[in-house]
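Any value given below was found using the heavy atoms of this structure, including those in side chains, with hydrogens, waters and symmetry copies removed. Because the structure is a prediction, the values reported are computed rather than measured.
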Amino acid sequence: MLWAIPIGLIVGRLLGGRIERLSGLQFRWGALAIAGLVVQVVLFTQTGAALAGDLEPAIYVGSTAAVLA
């Protein structure tokens with residue numbers, strides 16, 4: 001995911017954006033994104049995968065959707 005940051009900055013700059021405007025950006029659902037990332041970190045441990053069982057793909061897709069939102 002880290003490659004998305006420089007690519008986003010470059011594309012934004014090419015489209016006429018200014019990096020100074022990032023300071024005014026407000027995240028409304030930041031807690032949801034953090035929760036989605038935490039779920040993914042736990043899911044990719046052996047214990048988390050064992051607890052998820054057959055629901056692992058659905059949980060992964062749901063947590064990715066949470067991060068995207």
Side-chain angles (χ1 to χ4, degrees):
M1 278 212 246
L2 291 179
W3 54 268
I5 295 171
I7 289 175
L9 290 172
I10 291 168
V11 169
R13 184 74 173 142
L14 291 174
L15 293 175
R18 293 187 317 211
I19 199 158
E20 297 86 24
R21 296 191 67 201
L22 285 175
S23 65
L25 187 64
Q26 294 180 1
F27 293 102
R28 291 181 283 184
W29 293 353
L32 182 63
I34 299 297
L37 287 172
V38 169
V39 168
Q40 287 185 2
V41 167
V42 170
L43 192 61
F44 286 118
T45 64
Q46 287 182 345
T47 306
L51 288 173
D54 292 337
L55 294 176
E56 185 177 2
I59 294 171
Y60 177 71
V61 169
S63 64
T64 301
V67 172
L68 178 63

* Calculate, to the nearest 0.5 Å, the distance between atoms OG1 and CG belonging to T64 and L37 respectively. => 9.0 Å

* To do: Write down the atom of L43, the atom of A52, and the distance for their closest heavy-atom approach.
  => CD1-CB, 3.7 Å

* Non-neighbouring partners of A65 that pass side chain to side chain contact (heavy atoms under 4.5 Å, CB included), sequence neighbours left out -> none

* Decide whether F44 and V38 are clustered together by the hydrophobic rule: side chain heavy atoms of Ile, Leu, Val, Met, Phe, Trp, Tyr closer than 4.5 Å, transitively. => no

* With a cutoff of under 4.5 Å between side-chain heavy atoms, which Ile, Leu, Val, Met, Phe, Trp and Tyr residues group with I10? -> L14

* Asked: Same cluster for V41 and I59 if Ile/Leu/Val/Met/Phe/Trp/Tyr side chains link at under 4.5 Å?
  -> no

* To do: Grab the two heavy atoms, one from V39 and one from S63, that are nearest each other, plus how far apart they are.
  => CG1-CB, 3.8 Å

* Asked: Looking at A69 and L32, what are the two nearest heavy atoms and their distance?
  -> CB-CD2, 4.1 Å

* What residues, two or more places apart in sequence or in another chain, satisfy side chain to side chain contact (heavy atoms under 4.5 Å, CB included) together with L9? -> I5, I19, L22

